[in-house]
Colleague: 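Submitted below is the structure of interest, expressed as C-alpha cells.
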Amino acid sequence: MAGLAHPGSQTHLFTKLSHQPKKFTPSSRIRMSLQENAPSLAVVGVTGAVGQEFLSVLSDRDFPYRSIKMLASKRSAGKQLTFQDRNYTIEELTEDSFDGVDIALFSAGGSISKHFGPVAVDKGAIVVDNSSAFRMEEGIPLVIPEVNPEAMEGIKVGMGKGALIANPNCSTIICLMAATPLHKHAKVLRMVVSTYQAASGAGAAAMEELELQTREVLEGKPPTCNIFKQQYAFNLFSHNAPILSNGYNEEEMKLVKETRKIWNDMNVKVTATCIRVPVMRAHAESINLQFQQPLDEDTAKDILKSAPGVVVIDDRASNHFPTPLEVSNKDNVAVGRIRRDLSQDGNKGLDIFVCGDQIRKGAALNAIQIAEMLL
C-alpha cells in the first residue's frame with residue numbers, strides 16, 4: 001500500500017492535498033457524524049490514496065465521531081485539510097498521537113504499523129490496520145465483515161483496553177466476497193485464482209505514474225519508470241511483490257495464507273497467479289472453484305444475488321460481465337461469468353469472474369465496516 005504522504009501532484013481520481021483545503025462534503029445533506037458521545041478517531045497515512053478514501057467513506061457512511069486526528073509524515077505536517085466543513089491541520093505521526101483516541105485507522109505501510117500500531121493499542125485505541133504487518137499473527141483477527149465477523153467478537157469501543165484488527169489484502173477481500181457464499185453452501189476444496197491488479201494497489205504514486213506513462217507513450221516519449229522498473233502503460237507484468245523461494249510472489253502467498261485464516265480451514269487448497277495490469281483502481285480476478293458438494297451454476301447465481309456486498313453482472317446474451325470501470329468508486333464487488341467447470345465431473349466445479357474497487361472494498365470501506373462493528 002501507499003506509504004505516508006506521497007509528496008507529488010496526485011491523479012484526479014483521489015484528493016490532491018495542498019495548502020488549499022479539500023472539502024469532503026456531499027451537498028445538501030444534514031450531517032449526523034459529529035456527535036459528543038461518539039468515539040474519537042485518528043487516520044494514520046491520511047495523505048495516501050487509502051487514507052484519502054478513509055475520509056471519503058467515513059463521510060459517505062456518516063460514521064459518528066466526536067473528534068478526528070489527521071496524521072501523516074513530517075513532510076505533510078502543517079498542511080490543511082477540510083473534512084465535513086471543518087478545517088484540520090495534518091499532524092506529524094508520533095508516539096503521543098494516540099492519547100484519547102478510541103479508533104485508529106492505519107494505512108501507512110507495514111513498517112509504520114509495526115512501530116505505531118502497538119503504541120496506539122497500549123494507549124487504549126482499537127487499531128484497524130490496512131497493512132500486512134499483523135495479518136498472519138496468531139490472536140489478531142483478520143476480518144471481512146460480510147465473511148467472518150465472528151473473528152472480532154467481543155472487541156468494542158469502551159471495553160477499557162486497546163486491540164488490533166487486521167484488514168486483509170485487497171485481492172483476498174475481493175476474492176472471498178464472492179467465493180465465501182459458495183464455500184458456505186458447498187465447501188471449497190481447491191481454489192485457483194488469477195488476478196488482474198490495478199495501479200492503486202501500489203499507491204498514489206503508481207496511479208500517477210500510469211497516467212504519466214500513458215501520455216508519454218502516446219507522445220512517442222520514453223516512459224518514466226520510477227515506481228515500476230518497466231513500462232506499465234499498454235503492458236502487463238507479473239505482480240511487483242518480491243518472489244519467494246517457492247517461486248510464488250508475496251502477493252500470491254497472501255491470498256493462500258489469508259484465505260485459510262479467514263475461512264478457518266488450514267486444509268483448503270489455494271493457488272494464485274497475480275498480474276499487474278494498466279487499470280487505475282479496480283482489481284479483476286478469475287476464480288476456479290472445486291467443491292466437496294455439488295453446486296450447479298443456477299443455484300450459485302441465486303446464492304451470489306442474495307450475498308451482502310455482491311452484485312451479479314452476468315448477461316450472456318449481450319456478453320456483459322463485470323469490468324474494473326463499472327466497479328470503480330463503488331462499494332459492491334461484481335461477479336459474473338458464472339459457469340460450470342467442464343473439466344470437473346458433475347456439478348463440483350465452477351468458474352467465476354470478479355471485479356472490485358481496490359481502494360474502496362479492497363481497503364478503506366472494509367476498514368470502516370470493521371470500525372462500525374466496534375460501536
Side-chain angles (χ1 to χ4, degrees), residues 1-18 22 45-56 76 107-109 130-132 169-175 194-243 249-252 254-255 272-286 322-330 333-334 353-365:
M1 288 316 311
L4 280 174
H6 174 63
S9 64
Q10 300 187 339
T11 180
H12 60 278
L13 287 173
F14 51 92
T15 305
K16 187 173 180 179
L17 276 159
S18 69
K22 167 71 183 176
V46 72
T47 56
V50 175
Q52 292 288 284
E53 200 72 18
F54 279 151
L55 298 183
S56 179
S76 291
S107 189
N130 194 54
S131 81
S132 60
N169 189 43
C170 47
S171 304
T172 308
I173 293 172
I174 291 163
C175 174
S194 300
T195 72
Y196 313 89
Q197 294 183 226
S200 57
M207 296 167 78
E208 210 178 291
E209 185 161 289
L210 174 57
E211 197 172 305
L212 174 63
Q213 278 195 13
T214 304
R215 285 201 197 93
E216 289 171 335
V217 172
L218 289 172
E219 291 168 5
K221 297 174 183 173
T224 301
C225 300
N226 293 330
I227 305 302
F228 303 113
K229 302 307 173 193
Q230 55 193 312
Q231 183 175 321
Y232 190 15
F234 306 101
N235 193 21
L236 55 83
F237 45 81
S238 182
H239 192 282
N240 47 295
I243 300 287
N249 64 41
E250 284 182 1
E251 187 79 2
E252 291 156 354
K254 286 175 186 176
L255 252 169
T273 301
C274 294
I275 303 296
R276 189 72 78 184
V277 296
V279 168
M280 198 56 84
R281 62 172 286 159
H283 289 352
E285 304 186 19
S286 168
T323 67
L325 269 181
E326 279 178 286
V327 299
S328 290
N329 296 291
K330 301 284 199 318
V333 169
F353 185 71
V354 182
C355 289
D357 187 301
Q358 180 276 326
I359 308 180
R360 209 159 173 92
K361 183 55 188 171
L365 172 63

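Just the heavy atoms: all of them, side chains too, but no hydrogens, waters or symmetry mates, feed the values below.
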Colleague: Quick check for you: to the nearest 0.5 Å, what is the distance between Y232 atom OH and E209 atom CD?
Modeller: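 So the OH of Y232 and the CD of E209 are separated by 10.0 Å.
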Colleague: At what distance, to the nearest 0.5 angstrom, does CD1 of I227 lie from CE of M207?
Modeller: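 Reported value, rounded in 0.5 Å steps: 12.5 Å.
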Colleague: Keeping the roles fixed (side chain from H283, backbone from G356), state whether a donor-acceptor pair exists under 3.5 Å.
Modeller: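 Pair absent, no side-chain N/O of H283 close to backbone of G356.
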Colleague: For the CD1 atom of I243 and the CD atom of E251, what is their distance to the nearest 0.5 Å?
Modeller: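 Between atom CD1 of I243 and atom CD of E251 there are 11.5 Å.
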Colleague: Between F234 and T214, is the side chain to side chain contact (heavy atoms under 4.5 Å, CB included) condition met? List the steps.
Modeller: CA-CA 8 Å; F234 306 101; T214 304; 4.1 Å; yes
Colleague: If every non-hydrogen atom of L236 is compared with every non-hydrogen atom of P278, which pair is closest and at what distance?
Modeller: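 In terms of heavy atoms, the two residues are closest at CB-CD, 4.4 Å.
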Colleague: Quick one: does S171's side chain get under 4.5 Å of K254's, heavy atoms only?
Modeller: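 The answer is no, as the side chains (C-beta and beyond) never meet within the 4.5 Å cut-off.
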Colleague: How far apart are the closest heavy atoms of T47 and S76, and which atoms are they?
Modeller: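 In terms of heavy atoms, the two residues are closest at CG2-OG, 3.7 Å.
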Colleague: Checking side chain to side chain donor-acceptor pair (under 3.5 Å) between T224 and each of E216, Q231, E208, Q213, which is the one that passes?
Modeller: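 The option that passes is E216.
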Colleague: As an exercise, state the distance from OG of S56 to CZ of R360, rounded to the nearest 0.5 Å.
Modeller: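 Nearest 0.5 Å value for the OG-CZ distance: 5.0 Å.
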Colleague: Which atoms form the tightest heavy-atom contact between N130 and V50, and what is the distance?
Modeller: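 For N130 and V50, the tightest heavy-atom pair comes out as ND2-CG1, 3.9 Å.
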Colleague: Going through the checks in order, is the salt bridge (charged side-chain N to carboxylate O under 4.0 Å, His left out) test met by E53 and R281?
Modeller: CA-CA 12 Å; E53 200 72 18; R281 62 172 286 159; 3.3 Å; yes
Colleague: I need the minimum non-hydrogen distance between S328 and A282, along with the two atoms involved.
Modeller: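 Scanning both residues, the minimum pair turns out to be OG-CB, 3.8 Å.
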Colleague: Is there a side chain to side chain contact (heavy atoms under 4.5 Å, CB included) between C355 and E326? Walk through the geometry before answering.
Modeller: CA-CA 9 Å; C355 289; E326 279 178 286; over 6 Å; no
Colleague: Look up atom OG in S238 and atom CD in E252, then write down how far apart they are to the nearest 0.5 Å.
Modeller: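 One finds 6.0 Å between OG of S238 and CD of E252.
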Colleague: Taking only Lys NZ, Arg NE, NH1 and NH2, and the carboxylate oxygens of Asp or Glu, determine whether R215 and E211 approach each other closer than 4.0 Å.
Modeller: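 Salt bridge: yes.
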Colleague: Any non-hydrogen side-chain atom of L255 less than 4.5 Å from a side-chain atom of T195?
Modeller: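 Heavy-atom side-chain distance check passes, below 4.5 Å.
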Colleague: Find the distance between CG (N240) and CD (E250) and round it off to the nearest 0.5 Å.
Modeller: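 Reported to 0.5 Å precision, the distance equals 10.5 Å.
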Colleague: So, for A284 and P324, which heavy atoms are closest and what is the spacing to 0.1 Å?
Modeller: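 Closest approach of A284 to P324: CB-CG, 4.5 Å.
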Colleague: Please lay out, stage by stage, how R276 and F228 fare under the test side chain to side chain contact (heavy atoms under 4.5 Å, CB included).
Modeller: CA-CA 10 Å; R276 189 72 78 184; F228 303 113; 3.9 Å; yes
Colleague: If only atom types and distance count, is the side chain of Q52 paired as donor or acceptor with the main-chain N or O of V46 below 3.5 Å?
Modeller: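 Yes, because the side chain of Q52 sits within donor-acceptor range (under 3.5 Å) of the backbone of V46.
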Colleague: Do the side chain of K361 and the main chain of Q358 share a donor and acceptor less than 3.5 angstrom apart?
Modeller: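 It does not hold such a pair.
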Colleague: So, for A233 and V217, which heavy atoms are closest and what is the spacing to 0.1 Å?
Modeller: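 Minimum heavy-atom separation between A233 and V217: CB-CG2, 4.4 Å.
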Colleague: Can you confirm whether K330 sits close enough to D357 that some side-chain heavy atom of one is under 4.5 Å from a side-chain heavy atom of the other?
Modeller: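 In short, these two side chains do not touch, never coming nearer than 4.5 Å.
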Colleague: Within the 4.5 Å heavy-atom criterion, are S286 and Y196 side-chain neighbours or not?
Modeller: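 Yes. Closest side-chain heavy atoms under 4.5 Å.
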